[in-house]
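As structure tokens, the structure follows; a few thoughts come after it.
Note that these values count all heavy atoms, side chains included, but never hydrogens, waters or copies made by symmetry. One is the number of the first residue; the rest follow in order along the sequence.
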Amino acid sequence: MEIPLEGVHELPSTAPGSAEAWDGFVSKCQAVFSGCSRLSPSELPRYMPADVVVGIIKKTQALCSNEPTLVDIRPREVTLPPDVIVVGDTHGQYHDVLRMMEVAGPPSAERLFIINGDMVDRGSWGLETLLTFCLHKVAREVADEEARASGVARGCPGVTILRGNHETATCSIMYGFKQEVEAKYGKTAGRAIFSACKQLFKNLPLAALVNDCTLVLHGGLFRKRRGKKRVKRGKKGKKGKKGAHDEDEDEDFLTDDCEPALGSLRDLRSGTKGGLDATGVGEAQLAADVLWSDPAPMPGFEENYARGIGMVFGPDITEAFLAENHLKLIIRSHEGPDARESRPDMPNMLEGYTTDHETASGKLMTVFSAPDYPQHFPEDANRYHNKASVFVLRDDTGFSTPEVKQYEAVLPRPVTSPYYDLGVPDSDEEIDLLPSTASGMTDLTTLTEEEEQDQAEVTQPAVENGVKLSSLAATSNA
């Protein structure tokens with residue numbers, strides 16, 4: 001017997017005293033996502049109008065825009081330190097995200113969550129997956145505000161959402177997220193939602209530091225901000241210019257021919273979040289390295305030629321970073337079973353996690369949280385049937401020795417078609433960044449005029465049969 005779905009047409013207030021309302025709202029939304037996943041994609045707006053979607057995303061963006069590039073997670077600032085759950089790539093596999101929260105427990109005062117990027121693309125429910133994490137983040141912030149008001153300290157966000165390489169304009173077009181949103185909400189509303197998502201993506205932090213000893217970031221280690229080497233020009237002055245050096249004075253100048261130097265936590269703290277597309281150029285170099293880099297079994301630190309962006313780093317580089325920054329553990333994600341299949345010199349990802357480097361100072365580990373990945377697979381190919389994992393960091397082990405919690409995929413999945421070409425490389429290799437016009441953005445910081453108009457139309461109160469269903473204006477008093 002089919003259970004009728006109850007739609008969600010208005011956001012709760014975030015004013016004091018609304019934590020319980022937000023908990024109920026999160027549960028309602030998850031019921032809508034689960035129910036609509038078995039319907040035609042175009043049915044979702046009946047139960048969650050576009051203005052509600054944009055409202056959730058904008059509330060999350062407002063929180064993330066106030067967070068630094070490197071977020072400090074200090075669970076010991078609470079009398080009873082909570083566990084910290086680190087979630088790897090989930091890639092739009094919504095039903096597996098619900099299973100993960102059954103295994104690990106949902107975000108709460110006792111459990112902080114770090115979502116380590118790659119929430120969207122490839123799977124058919126990237127929007128629902130992203131919104132689920134956003135909803136939990138907002139709900140925990142509302143609850144934490146109430147706790148702070150009553151004198152209970154909170155040392156960090158209840159849910160920290162980090163950026164992955166798929167939370168960029170280029171990847172989210174190439175691997176189906178934009179197409180998914182438009183299939184569900186149509187061109188105009190879909191474009192406004194996708195635009196809001198891109199603005200959220202560029203505000204997501206790049207990394208989290210737990211208890212000053214465990215660093216969590218999506219891809220891997222990074223170079224210092226692109227440097228210039230100071231060299232002597234020689235003893236010739238510039239003739240014919242006012243204030244030119246005289247003939248006998250040496251002049252220094254800067255050049256680009258330095259070897260890559262390993263970055264530090266200090267560099268990460270002072271770096272940018274990468275803009276809409278972390279291209280690896282100029283100020284976006286550090287962000288691109290964080291999002292795209294991979295560990296390797298051999299020593300060294302060099303450009304990641306396989307991917308065309310980011311770096312490849314060996315155990316010697318991991319040891320140097322751990323020692324210099326007084327860390328014990330680095331947790332990354334970014335590589336699933338498909339990526340590791342093409343790198344047989346690295347441990348496979350069939351168990352949902354690996355230990356990639358073990359050095360004198362600590363470890364570098366990978367966690368992957370999308371089981372039976374990818375959701376869509378060519379018919380003539382053999383599936384990986386991989387397990388997924390999350391890492392649990394606890395006070396009694398210093399937040400530096402993860403407990404691994406594994407889970408299997410929720411099968412069978414509702415039948416859907418992929419929103420991207422399955423011929424696109426499975427390990428993100430050889431991807432050329434799209435021109436800014438392809439991503440719908442001609443500027444790294446502002447919306448285009450067309451996108452502003454789309455968002456203005458979408459954020460008007462939703463009306464059905466002459467009845468106003470929702471209004472983002474009602475949430476602005478939060």
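A 6.0 Å sphere centred on CZ of Arg266 holds no more than 12 heavy atoms belonging to other residues, nucleotides or ligands. Within a 6.0 Å sphere centred on CD of Glu20, heavy atoms belonging to other residues, nucleotides or ligands number 12 at most. Atom NZ of Lys405 has more than 12 neighbouring heavy atoms from other residues, nucleotides or ligands inside a 6.0 Å radius. Heavy atoms of other residues, nucleotides or ligands lying less than 6.0 angstrom from CG of Leu80 number 12 at most. By the neighbour-count criterion of 12 heavy atoms within 6.0 Å, atom CD of Glu6 is sparsely surrounded, having that number or fewer from other residues, nucleotides or ligands.
Between Phe177 and Leu130 there is a side-chain heavy-atom pair separated by less than 4.5 Å. The side-chain heavy atoms of Leu131 and Ile57, taken from C-beta on, include a pair separated by under 4.5 Å. Counting heavy atoms from C-beta on, the side chains of Val52 and Leu11 come closer than 4.5 Å. Considering only heavy atoms from C-beta on, Thr129 stays 4.5 Å or farther from Gln93 through its side chain. For the pair Ser293 and Leu221, the minimum side-chain heavy-atom distance is 4.5 Å or more. Within the 4.5 Å cutoff, the side chain of Asn165 has heavy atoms near those of the Asp118 side chain. Between Pro295 and Phe313 the shortest side-chain heavy-atom distance falls below 4.5 Å. Between Leu217 and Leu206 the shortest side-chain heavy-atom distance does not fall below 4.5 Å.
Between the side chain of Arg163 and the backbone N or O of Gly117, no donor-acceptor pair lies under 3.5 Å. Put simply, the side chain of Gln179 never gets that close to the backbone of Met174: no donor and acceptor are under 3.5 Å apart. For His334 (side chain) and Gly88 (main-chain N/O), no donor-acceptor pair under 3.5 Å exists by modelled atom type. Between the side chain of Tyr407 and the backbone N or O of Ser369 there is at least one donor-acceptor pair closer than 3.5 Å. Asn211 places no side-chain N or O within 3.5 Å of a backbone atom of Cys213 that could act as its donor or acceptor partner. Counting only distance, with no hydrogens or angles, the side chain of Glu335 and the backbone of Phe368 share no donor-acceptor pair below 3.5 Å. Using a distance-only test at 3.5 Å, with no hydrogens or angles considered, no donor-acceptor pair links the side chain of Ser389 to the main chain of Val404.
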Original post:
Passes side-chain contact (heavy atoms from CB on, under 4.5 Å), Phe133 versus Met119? Steps please.
Top reply: CA-CA 9 Å; Phe133 293 136; Met119 299 159 280; 3.7 Å; yes

**OP:** Give the intermediate values and the outcome of side-chain contact (heavy atoms from CB on, under 4.5 Å) for residues Leu265 and Leu70.
**Re:** CA-CA 8 Å; Leu265 289 182; Leu70 174 61; 4.2 Å; yes

**OP:** Start with the C-alpha distance between Cys156 and Val71, add both sets of side-chain angles, then the distance that settles side-chain contact (heavy atoms from CB on, under 4.5 Å), and finish with yes or no.
**Re:** CA-CA 8 Å; Cys156 46; Val71 178; 5.6 Å; no

Original post:
Can you check side-chain contact (heavy atoms from CB on, under 4.5 Å) on Glu303 and Arg223, steps first, answer last?
Top reply: CA-CA 10 Å; Glu303 292 187 18; Arg223 290 165 282 189; 4.1 Å; yes

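Put simply, OG on Ser124 and CZ on Arg413 are 9.0 Å apart, with the number rounded to the nearest 0.5 Å.
Note on Arg332 versus Asp294: salt bridge recorded, some NZ/NE/NH1/NH2 to OD/OE distance being below 4.0 Å. Checked for salt-bridge contact, Arg394 and Asp83 meet the test: a charged N lies under 4.0 Å from a carboxylate O. Glu182 and Lys178 are joined by a salt bridge, as a carboxylate oxygen and a charged side-chain nitrogen come within less than 4.0 angstrom of each other. With salt bridges taken as basic N to acidic carboxylate O contacts below 4.0 Å, one links Asp72 and Arg269. Remark: Glu141 does not engage Lys59 in a salt bridge, criterion side-chain N to carboxylate O under 4.0 Å.
The salt bridge (Lys or Arg N to Asp or Glu O under 4.0 Å) test with Asp372 is passed by exactly one of Arg383, Arg99, Lys387: Arg383.
Below 30°, between 30° and 60°, or above 60°: for Tyr420 and Tyr175 the angle between ring planes is between 30° and 60°, a tilted geometry.
Two rings, from Tyr384 and Phe377, have their centers less than 6.0 Å apart. Separation of the Phe201 and Phe194 ring centroids does not fall under the 6.0 Å cut-off. Annotation: Tyr373 is in aromatic contact with His91 [ring centroid separation under 6.0 Å].
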Please tabulate, for side-chain N and O atoms in residues 345-353, each donor-acceptor pair with protein atoms closer than 3.5 Å (sequence neighbours left out).
{"from": "Asn348", "atom 1": "OD1", "to": "Leu350", "atom 2": "N", "distance (Å)": "3.1"}
{"from": "Glu351", "atom 1": "OE1", "to": "Gln406", "atom 2": "NE2", "distance (Å)": "3.0"}

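Inspection of the Thr168 and Thr170 side chains reveals no N or O donor paired with an N or O acceptor under 3.5 Å. Side chain to side chain, Thr14 and Glu145 fail the donor-acceptor criterion of an N or O pair below 3.5 Å. With no hydrogens or angles considered, no side-chain donor-acceptor pair links His326 and Asp212 at under 3.5 Å. Remark: the Thr354 side chain and the Asp356 side chain contain an N/O donor-acceptor pair separated by less than 3.5 Å. For the residue pair Gln375 and His95, no side-chain donor N or O sits within less than 3.5 Å of a side-chain acceptor on the partner.
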